[in-house]
Amino acid sequence: MIEICFVCTGGTCRSFMAERIAKKMAKDKKIKDVKFSSAGVYSKGEPSAKNACEALSTLGYDGRKKKSVLLKKIKPNCLYITVTNDHKCFVNSKKLLSFEDLAGKVIDPYGQDLETYIQSAKLIEQNVKMLLNKIENLRGDL
């Protein structure tokens with residue numbers, strides 16, 4: 001089982017959307033042995049942003065709300081994917097990548113309009129697709 005945790009600032013927008021997008025993409029690709037979660041480095045247990053939920057629903061993903069989770073204990077066997085390179089300094093793990101290492105930066109939609117959230121979600125889709133392709137390619141080499 002591969003465990004992947006997406007990390008952003010508050011856990012209500014980008015990492016939350018990444019978790020939901022990754023779950024659906026992995027299911028669609030029939031990747032069953034990967035577990036996805038999300039966390040925020042400053043999370044306070046807030047519900048997902050309304051526009052994050054709407055953007056997910058608009059793009060065909062699970063848009064149900066969830067409470068954000070604070071990144072606390074680093075699990076040694078978990079792969080952490082931070083939304084930005086700046087978030088990396090909060091994750092003390094050797095198993096660490098950022099979206100900037102995969103397919104590029106994801107704009108922070110926090111407090112913005114629905115269209116900005118949809119743009120962020122589309123950038124997240126590109127990054128998650130790249131991540132899942134890397135996982136599949138590595139397995140092919142085993």
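By convention here, the first residue in the shown sequence is residue 1. Since we're looking at a predicted model, the values are computed, not measured. Just so it is clear, the values below take in all heavy atoms, side chains as well, and ignore hydrogens, waters and symmetry mates.
Distance check, rounded to the nearest 0.5 Å: CD1 of I124 to CG of L102 gives 12.0 Å. A distance of 12.5 Å separates CG in D33 from CD in E3, rounded to the nearest 0.5 Å. The CD atom of Q119 sits 10.0 Å away from atom CD of Q112, with the distance rounded to the nearest 0.5 Å. We find the OG-NZ distance between S37 and K66 to be 7.0 Å, quoted to the nearest 0.5 Å. Put simply, NZ on K94 and CG on L79 are 15.0 Å apart, with the number rounded to the nearest 0.5 Å. Interatomic distance, I2 CD1 to I31 CD1, rounded to the nearest 0.5 Å: 8.5 Å.
A 6.0 Å sphere centred on CG of D113 holds more than 12 heavy atoms belonging to other residues, nucleotides or ligands. Other residues, nucleotides and ligands contribute at most 12 non-hydrogen atoms within 6.0 Å of the NZ atom of K75.
A pairwise comparison of heavy atoms in A22 and V128 identifies CA-CG1, 3.6 Å as the closest pair. Here the shortest heavy-atom pairing between S15 and F6 reads CB-O, 3.4 Å. Taking all atoms of both residues into account, the shortest heavy-atom contact from I107 to R14 is O-CD, 3.5 Å. Contact record, V69 with S38: CB-O, 3.8 Å, taken as the closest heavy-atom pair. Residues A49 and Y117 approach most closely at CB-OH, 3.7 Å, considering heavy atoms. Residues G11 and F16 share a closest heavy-atom pair of O-CB, 3.6 Å.
Using modelled atom types, one side-chain atom of S68 and one backbone atom of E46 make a donor-acceptor pair closer than 3.5 Å. The backbone N or O of C53 sits less than 3.5 Å from a side-chain atom of S57, completing a donor-acceptor pair. Side chain of N92 to backbone of I74: no donor-acceptor contact under 3.5 angstrom is found.
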Item to complete: Begin from the C-alpha positions of N85 and K88 and carry the test side chain to side chain contact (heavy atoms under 4.5 Å, CB included) through to its verdict.
Response: CA-CA 5 Å; N85 282 336; K88 283 182 172 181; 3.7 Å; yes
Discussion item. Let's go through Y80 and C78 carefully: what are the C-alpha distance in whole Å and the side-chain angles of both, what is the deciding distance for side chain to side chain contact (heavy atoms under 4.5 Å, CB included) to 0.1 Å, and is it a yes or a no?
Written reply: CA-CA 6 Å; Y80 291 89; C78 183; 3.7 Å; yes
Item to complete: Please step through side chain to side chain contact (heavy atoms under 4.5 Å, CB included) for the pair I4 and L131, ending with a clear verdict.
Response: CA-CA 10 Å; I4 297 173; L131 174 65; 4.1 Å; yes
Worksheet item: Are E100 and T84 close enough, and set up right, to give a side chain to side chain contact (heavy atoms under 4.5 Å, CB included), and what steps lead you there?
Response: CA-CA 6 Å; E100 293 175 47; T84 69; 3.4 Å; yes
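Between the side chains of K67 and S48, no donor-acceptor pair is found at a separation under 3.5 Å. Side chain to side chain, H87 and S98 fail the donor-acceptor criterion of an N or O pair below 3.5 Å. Side-chain contact, N127 with K105: no donor N or O sits under 3.5 Å from an acceptor N or O.
Ion pairing of K50 with E54 is present here, as a side-chain N (NZ or NE/NH1/NH2) and a carboxylate O approach within less than 4.0 Å. In this structure, D62 does not pair ionically with K27, as no charged nitrogen and carboxylate oxygen lie closer than 4.0 Å.
In terms of hydrophobic clustering, with Ile, Leu, Val, Met, Phe, Trp and Tyr side chains grouped at heavy-atom distances under 4.5 Å, V106 and L59 are assigned to a common cluster. L71 and I81 fall into different hydrophobic clusters, where Ile, Leu, Val, Met, Phe, Trp and Tyr side chains are chained together by heavy-atom contacts under 4.5 Å. Linking Ile, Leu, Val, Met, Phe, Trp and Tyr residues whenever their side-chain heavy atoms come within less than 4.5 Å places L97 and M17 in a single cluster. A continuous path of Ile, Leu, Val, Met, Phe, Trp and Tyr side chains, each step under 4.5 Å between heavy atoms, connects V34 with F99, placing both in one hydrophobic cluster. A single hydrophobic cluster is seen to contain both M130 and V83, as judged by linkage of ILVMFWY side chains at heavy-atom distances under 4.5 Å, directly or through other members.
For residues 46-72, there are no ring-ring contact (aromatic ring centres under 6.0 Å, His included) pairs, not counting sequence neighbours.
By the 4.5 Å side-chain criterion applied to Ile, Leu, Val, Met, Phe, Trp and Tyr, M1 is assigned to no cluster and stands alone.
For an aromatic pair to be called close, the ring centres must be under 6.0 Å apart, and Y42 with F90 satisfies this.
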